[in-house]
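First up is the structure itself, then whatever we jot down about it.
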Amino acid sequence: MQRNWIGKSVGASVKFPIAASPKSSPKERTSESGPNNQTSGFGLPASDFIEVFTTRVDTIFGVTFMVLAPEHELVPSLTTPEQKAEIDAYIAQTKKKSELDRMADAKTVSGAFTGSYVINPVNDEKVPIYIADYVLAGYGTGAVMAVPSGDQRDYLFAKHFGLPIVPIIDIQNIETEADPTKEGRYINSDFMNGLNYKEGTAKVIEFLENKGLGKGKINYRMRDAIFGRQRYWGEPVPVYFKDDLPHLIEEKDLPLILPEIDKYLPTETGEPPLGRAHDWNYNGFEYELSTMPGWAGSSWYWYRYMDARNDQEFASRQAIDYWRDVDLYIGGSEHATGHLLYSRFWNKFLKDLGLVPEEEPFKKLINQGHIQGRSNFVYRLIDEKGAGTNTFVSHGLIKQYKTSELHVDVNIVENDILDIEKFRQWRDEYKDAEFILEAGKYHCGVEIEKMSKSKYNVVNPDDIIARHGADTLRMYEMFLGPLEQSKPWNTNGIEGVYKFLRKFWKLFHDEQLNFRVSDDAPSKAELKSLHKIIRKVEEDIDRFSFNTSVSSFMIAVNELTDLKCNKRAILQDLVIVLSPYAPHICEELWEMLGNKAGTLSYAVYPKFNPEYLVEDEFAYPISVNGKMKINLNISLALEAKEIEDFVLASPEVKKYLDGKSPKKVIVVKGRIVNIVL
RNA sequence: GCUCGGGUGGUGGAACUGGUAGACACGCAGGACUUAAAAUCCUGUGAUCCUCAAAGAUCGUGCGGGUUCGAUUCCCGCCCCGAGUACCA
């Protein structure tokens with residue numbers, strides 16, 4: 001995602017000489033363009049050329065016009081007297097359009113002819129110069145060489161203004177739209193004719209370089225790089241103005257602190273809020289009134305966290321060398337292109353200055369998913385006149401009726417079944433509502449949307465905590481699925497987690513719910529259950545897979561319940577392992593087990609002992625031609641050849657062999673046996 | 001258009017590094033306990049076919065190919081959904 005945002009494009013920069021027009025001599029143009037009359041990198045006056053950036057310099061023989069952004073600095077000097085009215089009108093029209101309109105309006109073709117021409121450097125053809133708002137002043141040079149046969153925007157523009165469209169590649173199909181292909185061989189391209197894309201590009205760049213009119217170039221585009229904000233909350237910029245020129249304030253006067261102001265609004269004259277400050281100046285000189293954007297601080301704040309009370313420097317070298325970088329960054333993917341990109345950028349800068357040790361600021365990044373809303377609907381019956389009635393049709397039956405869909409509060413719906421009584425109480429207008437039911441129940445429709453009050457799909461966690469407790473909510477959030485996945489909030493499965501916690505509690509209690517834990521030595525099976533979960537949770541935490549841990553806890557508690565296990569030696573360790581997932585209930589049980597209250601967080605995580613998990617037999621799946629047929633219990637002490645003999649000799653397998661001898665037998669010890677017939 | 005995710009039962013999801021697809025949970029169905037309900041417990045639950053039953057067979061991880069003894073997993077080509085972004089030459 002960041003690659004896309006940086007916007008690297010590999011291409012070439014090409015200069016198109018402006019054709020001398022009889023009505024405006026080069027001299028006049030030079031005087032008009034004033035400060036632009038500098039020499040360019042090519043050793044010629046900049047204003048005698050229009051420079052463009054292109055990623056397809058190979059298509060230069062297909063150029064049939066040139067387009068400048070309306071804001072381009074050469075527009076006034078290029079406009080001939082006959083075209084002045086049209087150009088002025090067009091510029092006025094684009095200025096009126098907001099940035100948003102311009103984007104929304106992307107499909108409408110508009111533009112105006114300046115009356116001037118440039119010379120195509122490869123074939124000396126005169127090419128008309130237009131202006132159009134599809135060319136952006138802020139990107140490249142604000143000018144494009146238009147190749148209507150290869151670029152769709154140029155194509156539409158050419159069609160609209162009746163400009164020629166010249167095919168330049170033999171296999172190009174340009175009947176209905178532009179064809180940007182790189183396959184095929186060049187035509188209508190003079191010295192490039194017959195060459196392919198790679199050869200042609202090299203050749204044309206060589207040609208332009210020899211003439212001093214072009215060179216290969218890589219363009220970058222950095223968005224949102226503006227560093228000033230006209231608002232109060234932000235770091236003030238340590239700059240003052242003297243004779244209208246900006247100067248940095250002395251280092252000894254840092255940090256510059258935000259001044260107090262009466263209200264956080266622009267001044268009456270339209271200055272930013274800092275303009276309201278009284279006596280806020282630098283030795284009598286005015287400060288810059290903009291403040292820094294949010295990403296100024298967010299691009300390096302983790303270093304400040306390392307040494308927050310340091311009033312001498314942003315953080316001491318000692319602190320930075322100790323903490324170095326951020327081990328794990330968890331955040332939403334909406335930060336991937338903004339905050340996280342700039343953070344890397346700043347960090348590389350700080351590294352180059354030798355102020356920080358690491359090239360990259362974050363070791364690991366996780367984008368957590370978003371919880372979406374899950375809306376429920378009821379379906380109101382419509383009468384012949386098209387008016388809504390007070391009768392509601394269950395979702396499965398709506399095809400048989402004419403209905404309109406209405407959002408219903410998800411808090412009066414359970415597992416998509418509407419609580420009819422609560423619905424009647426929900427709003428006065430529904431108090432006499434009638435229902436057409438399916439098997440006695442009203443089924444609601446479902447849709448995934450943003451969580452929003454207007455959609456009545458907002459679920460308040462407090463309600464869930466009141467009903468099931470904070471541990472249930474916490475575990476259910478983990479149980480829902482992988483951390484990185486977005487999904488709708490849906491409490492349909494919450495009962496399972498709630499039941500699990502009660503079952504867990506019951507392990508420590510007898511049938512009358514008296515606390516009862518035994519000090520007997522644990523059995524092999526109990527130790528196996530415990531150590532399976534110790535290992536599983538350790539692995540799962542390492543890969544941030546919390547949903548699978550919760551499942552495994554359920555398995556462990558189910559097994560221990562079946563074993564009727566109430567042994568301290570097992571349960572105390574289980575409490576420790578479960579405590580990050582269900583801290584409240586575990587803290588309670590920890591204390592009941594006789595430990596000092598509040599010390600569970602300091603308990604040592606139990607040590608996994610693989611010996612308890614050692615098996616001496618394994619139920620090998622036996623497959624025939626890759627398809628699983630049966631399981632055979634075989635000692636794990638046997639080696640591949642012995643396993644093969646055992647399997648082929650067993651009567652259950654002989655049935656599948658049908659008297660034939662197998663072509664091949666694959667044995668993977670401890671995993672599988674596959675017989676190929 | 002581009003970039004990044006994702007597609008597995010009725011549902012949320014599991015499957016380590018190519019090795020028993022559907023763990024765990026919800027829902028549903030049936031049963032036990034109960035005057036009843038709640039709670040709790042037990043059994044079943046991918047689809048199709050076959051059978052009185054037991055058992056069995058075939059298909060099955062978005063679609064089409066490929067590699068492999070073996071593919072949800074690897075490769076090639078598509079389709080669909082979600083998020084972000086966009087006249088960027």
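Bear in mind that the values here come from a model prediction, so they are computed numbers and not experimental data. Just so we're on the same page: letters track the sequence lines, and every chain starts at 1.
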Check: A:Asp133 main-chain N/O paired with A:Thr94 side-chain donor or acceptor under 3.5 Å: no

Derivation of the ring-ring contact (aromatic ring centres under 6.0 Å, His included) call for A:Phe61 and A:Tyr186: CA-CA 9 Å; A:Phe61 283 95; A:Tyr186 293 100; 8.7 Å; no

Donor-acceptor pairs under 3.5 Å, side chain of residues 476-485 of chain A to any protein atom, not counting sequence neighbours: which ones?
from, atom 1, to, atom 2, distance (Å)
A:Tyr476, OH, A:Asn490, O, 2.5
A:Tyr476, OH, A:Gly493, N, 3.4

Contact nearer the 5' end of RNA chain B, comparing A:Arg56 with A:Val673: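 On the 5' side of the pair lies A:Val673.
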
Earlier contact from the 5' end, RNA chain B, for A:Ile672 and A:Gly496: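 Final value for this comparison: A:Ile672.
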
Pair listing, side chain to side chain donor-acceptor pair (under 3.5 Å) test, anchored in residues 668-677 of chain A, at least two apart: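 Only A:Glu639-A:Lys669 qualify under side chain to side chain donor-acceptor pair (under 3.5 Å).
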
Please list, for nucleotides 68-74 of chain B, all pairs of protein and nucleotide N/O atoms separated by less than 3.5 Å.
from, atom 1, to, atom 2, distance (Å)
B:rC69, O2', A:Asn674, ND2, 3.2
B:rC69, O2, A:Asn674, ND2, 2.6

Aromatic plane relationship, A:Phe553 with A:Phe500 - under 30° parallel, 30 to 60° tilted, over 60° perpendicular: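 Judged by the thresholds at 30° and 60°, the geometry between A:Phe500 and A:Phe553 is tilted.
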
Aromatic ring pairing A:His531/A:Tyr612, orientation class (parallel under 30°, perpendicular over 60°, tilted between): tilted

Geometric cation-pi criterion A:Arg153 and A:Phe157, 6.0 Å radius, 45° cone: no

Stems formed with participation of RNA chain B [Watson-Crick or G-U wobble, under 3.5 Å, three or more pairs]: B:1-7 with B:79-85, B:10-12 with B:24-26, B:27-32 with B:40-45, B:46-49 with B:56-59, B:62-66 with B:74-78

Using a cut-off of 4.0 Å on non-hydrogen atoms, how would the nucleic acid contact of [X] be classed: base, sugar-phosphate, or nothing?
{"X": "A:Asn631", "answer": "base"}
{"X": "A:Arg543", "answer": "sugar-phosphate"}
{"X": "A:Gln485", "answer": "sugar-phosphate"}
{"X": "A:Phe479", "answer": "base"}

When the [atom1] atoms of [M] and [N] are compared, how many Å lie between them, rounded to an integer?
{"N": "B:rG22", "M": "B:rA71", "atom1": "P", "value": "16 Å"}
{"N": "B:rC78", "M": "B:rA54", "atom1": "C1'", "value": "46 Å"}
{"N": "B:rU67", "M": "B:rU73", "atom1": "P", "value": "15 Å"}
{"N": "B:rA25", "M": "B:rA14", "atom1": "C1'", "value": "11 Å"}
{"N": "B:rG84", "M": "B:rA21", "atom1": "P", "value": "39 Å"}
{"N": "B:rG46", "M": "B:rA23", "atom1": "P", "value": "8 Å"}
{"N": "B:rU40", "M": "B:rC49", "atom1": "P", "value": "37 Å"}
{"N": "B:rC88", "M": "B:rA83", "atom1": "P", "value": "23 Å"}

Residue pairs passing the salt bridge (charged side-chain N to carboxylate O under 4.0 Å, His left out) test where at least one lies in residues 544-562 of chain A, sequence neighbours excluded: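 Residue pairs passing salt bridge (charged side-chain N to carboxylate O under 4.0 Å, His left out), neighbours aside: A:Lys532-A:Glu559.
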
Anti versus syn assignment for B:rG9, with syn defined as within 90° of 0: syn

Out of [options], whichever nucleotide has its closest atom nearest the side chain of [X]:
{"X": "A:Val668", "options": "B:rG19, B:rC87, B:rG13", "result": "B:rG19"}
{"X": "A:Pro482", "options": "B:rC87, B:rG13, B:rU20", "result": "B:rG13"}
{"X": "A:Asn547", "options": "B:rG13, B:rU20, B:rC87", "result": "B:rG13"}

Those residues that, when tested against A:Glu511, pass side chain to side chain donor-acceptor pair (under 3.5 Å) (two or more places apart):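 With sequence neighbours excluded, A:Glu511 shows a side chain to side chain donor-acceptor pair (under 3.5 Å) to no residue whatsoever.
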
Qualifying residues under side chain to side chain donor-acceptor pair (under 3.5 Å), relative to A:Ser298, sequence neighbours excluded: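 Partners of A:Ser298 under the side chain to side chain donor-acceptor pair (under 3.5 Å) test: A:His339.
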
Specify the separation, in whole Å, of atom [atom1] of [X] and atom [atom2] of [N].
{"X": "A:Lys487", "N": "B:rA25", "atom1": "NZ", "atom2": "P", "answer": "17 Å"}
{"X": "A:Glu559", "N": "B:rA23", "atom1": "CD", "atom2": "P", "answer": "15 Å"}
{"X": "A:Lys655", "N": "B:rA55", "atom1": "NZ", "atom2": "P", "answer": "12 Å"}
{"X": "A:Gln368", "N": "B:rG5", "atom1": "CD", "atom2": "P", "answer": "16 Å"}
{"X": "A:Met145", "N": "B:rA89", "atom1": "CE", "atom2": "P", "answer": "13 Å"}

Which residues share a salt bridge (charged side-chain N to carboxylate O under 4.0 Å, His left out) with A:Asp179, sequence neighbours left out: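 Partners of A:Asp179 by the salt bridge (charged side-chain N to carboxylate O under 4.0 Å, His left out) criterion come out as none, since no residue qualifies.
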
Partner residues of A:Asp510 under the salt bridge (charged side-chain N to carboxylate O under 4.0 Å, His left out) criterion, sequence neighbours left out: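 In terms of salt bridge (charged side-chain N to carboxylate O under 4.0 Å, His left out), with neighbours along the sequence ignored, A:Asp510 is linked to A:Arg516.
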
Would you say [X] places a side-chain N or O within less than 4.0 Å of OP1 or OP2 belonging to [N]?
{"X": "A:Lys629", "N": "B:rU58", "answer": "yes"}
{"X": "A:Asn558", "N": "B:rA25", "answer": "yes"}
{"X": "A:Tyr620", "N": "B:rU20", "answer": "no"}

Close side-chain approach of A:Asn633 and A:Asn631, heavy atoms under 4.5 Å: no

For nucleotides 40-43 of chain B, list the nitrogen or oxygen atoms of the protein found under 3.5 Å from its nitrogen or oxygen atoms, one pair per line.
from, atom 1, to, atom 2, distance (Å)
B:rU40, OP1, A:Arg502, NH2, 2.8

Using a cutoff of under 3.5 Å, can you pull out all pairs of nitrogen or oxygen atoms linking the protein to nucleotides 59-61 of chain B, with atom names and distances?
from, atom 1, to, atom 2, distance (Å)
B:rC59, OP2, A:Lys627, NZ, 3.3

A:Asp58 and A:Tyr197: CA distance, side-chain angles, deciding distance, side-chain hydrogen bond (donor to acceptor under 3.5 Å, both in side chains) verdict: CA-CA 7 Å; A:Asp58 60 299; A:Tyr197 172 72; 4.8 Å; no

Pair A:Phe161 + A:Phe113: ring centers closer than 6.0 Å: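 Centroid separation for A:Phe161 and A:Phe113: 6.0 Å or greater.
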
Contact residues, residues 548-555 of chain A to RNA chain B [heavy atom, < 4.0 Å]: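 Contacts with RNA chain B under 4.0 Å: A:Thr548, A:Ser551, A:Met554, A:Ile555.
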
